[in-house]
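This report concerns only the one structure given below.
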Amino acid sequence: MSEINNPCISCGACCGYFRVSFYWAEAEDGGGTVPLSLTEPLPPFLRCMLGTNSKAPRCIALQGTIGKAVSCLIYPNRPSTCREFGQSRENSQRDRACDRARNYYGLPALPIFTP
Ligand code: SF4
Ligand code: SF4
């Protein structure tokens with residue numbers, strides 16, 4: 001999928017809906033890539049992105065306006081949770097978490113294209 005046709009760049013709902021947690025060693029102090037200062041510890045084994053351990057989550061690394069235009073400040077260094085998050089329509093499959101986050105922001109579920 002080309003960046004230009006990627007609906008995530010005009011969405012970002014999942015970065016403002018879930019607690020984004022991951023194994024602590026993905027952060028810099030464990031030899032990983034995620035900037036330590038943008039995380040908070042979730043003892044004993046996890047960390048999460050700052051801003052997401054909240055009743056109204058929004059990842060500190062999310063730039064822009066959800067549902068309009070967004071980008072991730074640490075895209076190449078983002079945690080595995082973000083890398084592995086499924087976008088509805090990938091592999092012609094619906095992803096409930098993607099749909100749920102979009103629905104929270106009043107965005108329609110992505111259309112599923114069948115080959
Ligand atoms: S909710 Fe779905 S479409 Fe929106 S940014 Fe996340 S994966 Fe992309
Ligand atoms: S690190 Fe980037 S991709 Fe992951 S939740 Fe934050 S803004 Fe979204």
Side-chain angles (χ1 to χ4, degrees):
M1 186 188 307
S2 74
E3 282 261 314
I4 218 142
N5 291 323
N6 187 345
C8 293
I9 63 177
S10 58
C11 178
C14 52
C15 311
Y17 186 73
F18 298 104
R19 187 176 78 178
V20 181
S21 57
F22 46 89
Y23 185 56
W24 73 271
E26 290 191 40
E28 289 167 327
D29 61 339
T33 59
V34 184
L36 186 63
S37 63
L38 302 186
T39 72
E40 73 171 80
L42 292 176
F45 300 121
L46 302 179
R47 284 192 162 273
C48 71
M49 292 305 297
L50 268 182
T52 68
N53 191 17
S54 154
K55 283 192 174 150
R58 179 177 169 122
C59 178
I60 192 171
L62 184 69
Q63 303 283 288
T65 305
I66 291 174
K68 300 236 184 279
V70 293
S71 62
C72 171
L73 250 183
I74 59 162
Y75 192 77
N77 298 323
R78 69 200 189 285
S80 59
T81 317
C82 309
R83 295 173 190 277
E84 290 161 12
F85 192 86
Q87 179 199 78
S88 263
R89 87 174 195 171
E90 260 172 1
N91 307 317
S92 302
Q93 304 240 324
R94 182 150 296 296
D95 185 282
R96 288 196 185 159
C98 171
D99 292 352
R100 194 148 42 100
R102 286 179 62 87
N103 182 58
Y104 179 77
Y105 285 98
L107 302 167
L110 296 174
I112 302 293
F113 300 112
T114 42

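All heavy atoms count here, side chains included; hydrogens, waters and symmetry mates do not. For ligands, and for the atoms within them, numbers begin at 1 and follow the listed sequence.
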CA sep, side-chain torsions, deciding dist, call: L38, M49, side-chain contact (heavy atoms from CB on, under 4.5 Å)
CA-CA 6 Å; L38 302 186; M49 292 305 297; 4.1 Å; yes

With a 3.5 Å distance limit and no angle check, can you tell me whether [X] reaches the backbone of [Y] through a side-chain donor-acceptor pair?
{"X": "T81", "Y": "S21", "value": "yes"}
{"X": "R47", "Y": "A25", "value": "no"}
{"X": "E40", "Y": "N53", "value": "no"}
{"X": "R102", "Y": "A13", "value": "no"}
{"X": "S88", "Y": "L110", "value": "no"}
{"X": "E28", "Y": "L36", "value": "yes"}

Non-hydrogen atom of G12 closer than 4.0 Å to ligand 1
yes

Under 2.8 Å from atom 4 (Fe) of ligand 1, can any N, O or S atom of C11 be found?
yes

Could you tell me, atom by atom, which parts of ligand 1 come under 4.0 Å of a heavy atom of C8?
3 (S), 5 (S), 7 (S), 8 (Fe)

Out of all atoms in ligand 1, which are within 4.0 Å of some heavy atom of L110? Include the element for each.
3 (S)

What atoms in ligand 2 come closer than 4.0 Å to a heavy atom of [X]?
{"X": "L62", "result": "7 (S)"}
{"X": "C59", "result": "1 (S), 5 (S), 6 (Fe), 7 (S)"}
{"X": "V20", "result": "5 (S)"}

Residue and atom name of the nearest protein heavy atom (relative to [atom]), distance in Å to one decimal:
{"atom": "atom 6 (Fe) of ligand 1", "answer": "C14 SG, 2.3 Å"}
{"atom": "atom 8 (Fe) of ligand 2", "answer": "C15 SG, 2.4 Å"}
{"atom": "atom 2 (Fe) of ligand 2", "answer": "C72 SG, 2.3 Å"}

Return yes when at least one N/O/S atom of C82 is nearer than 2.8 Å to atom 8 (Fe) of ligand 2, and no when none is.
no

Which atoms form the tightest heavy-atom contact between D95 and G86, and what is the distance?
CG-O, 3.2 Å

Going by the 4.0 angstrom heavy-atom rule, the piece of F85 near ligand 1 is side chain

